[in-house]
**Student:** 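Right, I'll just put the structure down here and ask away after.
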Amino acid sequence: MGTLVIVGSQWGDEGKGKVTDYLAQKADVVVRSQGGNNAGHTILFDGNKFALRSIPSGIFNPKIKNIMANGMVIDPKQMLEELHGLEARGIKDYQLFISNRAHIVLPYHAALDGAYEQFKGEKKIGTTKRGIGPAYADKANRIGIRMGDFIQPDIFKEQLRITLKIKNMELRQLGLEEFDADAIYDEYSKYALEIKPFVCDTSLVLEEELVKDSKILFEGAQGVMLCLDHGTYPYVTSSSPTGASVPLNSGVAPRYIQDVLGICKAYTTRVGEGPFPTEIEGELADQIREKGHEYGTVTKRPRRVGYLDCVALNYARRISGINHLALMLFDVLSGIETLKICYAYELDGKQIQTIPATNQEYSRVKPLYIDMPGWNEDITNVTCFEDLPIPAQNYIRKIEELTKIKVSLFSVGPDRKQTIQIEELF
Ligand code: IMP
């Protein structure tokens, strides 16, 4: 068996796309199992930069089967734009399979997403406003539209009519413009026609590959701290980006999940609202933000920046079964005199090693830090662990000590070539 789950172990944007792309060189299949175009996976190779949103990161390799699985919510219009964008840049030879059980995101979802945020005022979540939450809510409410129905014109028309009746009632009450079922149908049935050849039962495709002992990469989106169940609720996304969600969201048995690679930055970032204990502001935060290009791929928002938080990493390890770590954007830390790593929190005078469930408590925790000497050397050309300056080696060793997870890979720049594998993975 060769399955590897790639999980964001912080608040998303850890560099999952880059690692997936790197490991995909060995993969037969790449699967996106949750989320939608709220994700932004940046990939750089041979001087070309690509920003993927809902399409799996294996799309550049014609030999790889790319699966958009049942747990995703897919905006057909955006997804086609993304695909056309890739085609226009020469990515024409690809294999794409879209689950007939995945849900679709329609314009009223985005309208409601924006409206909820506006009504929440100061309590807003800071969503990507792509309609992700409302689409998952419709799924749970059993009024969502699935790919398998979307591609059948009569069924799509009928489902849209019923769902829109309910949605328009809500939109009216919120004082928003209503949507016209015929107008959506006319536009979206064209997209359905184009998407139809890709739609199938992706769980069967996966089973065939598992039987053949193929190498399967599950590409997580967002991060464990944004998990609907285990994250910093309500400042989370509406799906579960944990390793545990992969079997359910892709239709494979849990026993097939072998290894879980947690992707983490050498520091921490967060977009949107919600507690962030190790957050820093001022000159150092600006330096990291600029050097690490810490602006949202999807929304372009400046990301909040903080020191590495090993309490959050340990939590991600526990919840997601992470047994390897990939340390990303390591080069960004060059030139900082002293680096801090959070090893525990203090809450109401007591030391704790986990994430409190309530935001009231979580916003009160104080991070406890270990100071680590930094390094000034440029490490962007390093090709092995031993080439790193000693303080950088010590930084990695300290993370391993605090999280009890082996750092199997680290990254010193955006290019595929700037990925250094310490231990064989996958
Ligand atoms: P939503 O997923 O658009 O509903 O947004 C909910 C929260 O998750 C917000 O704080 C977003 O900024 C955050 N979020 C969603 N997707 C990503 C991602 O891919 N990277 C980082 N944060 C994300």
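Not measured: the values here are computed from a predicted model. In listed order, ligands and their atoms are each counted from 1. Residue indices begin at 1 and follow the sequence shown.
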**Student:** Less than 6.0 angstrom separating the ring centers of Trp11 and Tyr235, yes or no?
**Tutor:** no
**Student:** Taking a cutoff of less than 4.0 Å between a non-hydrogen atom of the residue and any ligand atom, is Gln222 in contact with ligand 1?
**Tutor:** yes
**Student:** Go through ligand 1 atom by atom and flag the ones less than 4.0 Å from a non-hydrogen atom of Gly272.
**Tutor:** 10 (O)
**Student:** Please report the C-alpha distance between Asp331 and Lys291 in whole Å, then the side-chain angles of each, then the deciding distance to 0.1 Å, and finally whether the salt bridge (charged side-chain N to carboxylate O under 4.0 Å, His left out) criterion is met.
**Tutor:** CA-CA 9 Å; Asp331 54 301; Lys291 209 166 162 194; over 6 Å; no
**Student:** Can the ring centroids of Tyr362 and Tyr345 be said to lie less than 6.0 angstrom from one another?
**Tutor:** yes
**Student:** Please confirm whether Lys167 makes a cation-pi placement over Phe179, using NZ or CZ under 6.0 Å from the six-membered ring centre and within 45° of the ring normal.
**Tutor:** no
**Student:** I'd like to know if Arg301 contacts ligand 1, where contact means a heavy-atom distance under 4.0 Å to any ligand atom.
**Tutor:** yes
**Student:** Does an N or O from Asp113, backbone or side chain, lie closer than 3.5 Å to an N or O of ligand 1?
**Tutor:** no
**Student:** Which option, Ile132, Leu226, Thr237, owns the non-hydrogen atom nearest atom 13 (C) of ligand 1?
**Tutor:** Leu226
**Student:** Is Ala221 close enough to touch ligand 1? Criterion: a residue heavy atom under 4.0 Å from a ligand atom.
**Tutor:** no
**Student:** Taking side chain as C-beta onward, heavy atoms only, is Thr42 less than 4.5 Å from Lys18?
**Tutor:** no
**Student:** Applying a strict 4.0 Å limit to heavy atoms, is Trp11 in contact with ligand 1?
**Tutor:** yes
**Student:** Any side-chain heavy-atom pair from Ile132 and Asn37 closer than 4.5 angstrom?
**Tutor:** yes
**Student:** Applying a strict 4.0 Å limit to heavy atoms, is Val236 in contact with ligand 1?
**Tutor:** yes
**Student:** Does NZ or CZ of Arg416 come closer than 6.0 Å to the centre of the six-membered ring of Tyr22, within 45° of the ring's axis?
**Tutor:** no
**Student:** Quick check on contacts: which atoms of ligand 1 are under 4.0 angstrom from a heavy atom of Gly126?
**Tutor:** 9 (C), 10 (O), 11 (C), 12 (O)
**Student:** If you measure every N/O of Thr127 against every N/O of ligand 1, is any gap under 3.5 Å?
**Tutor:** no
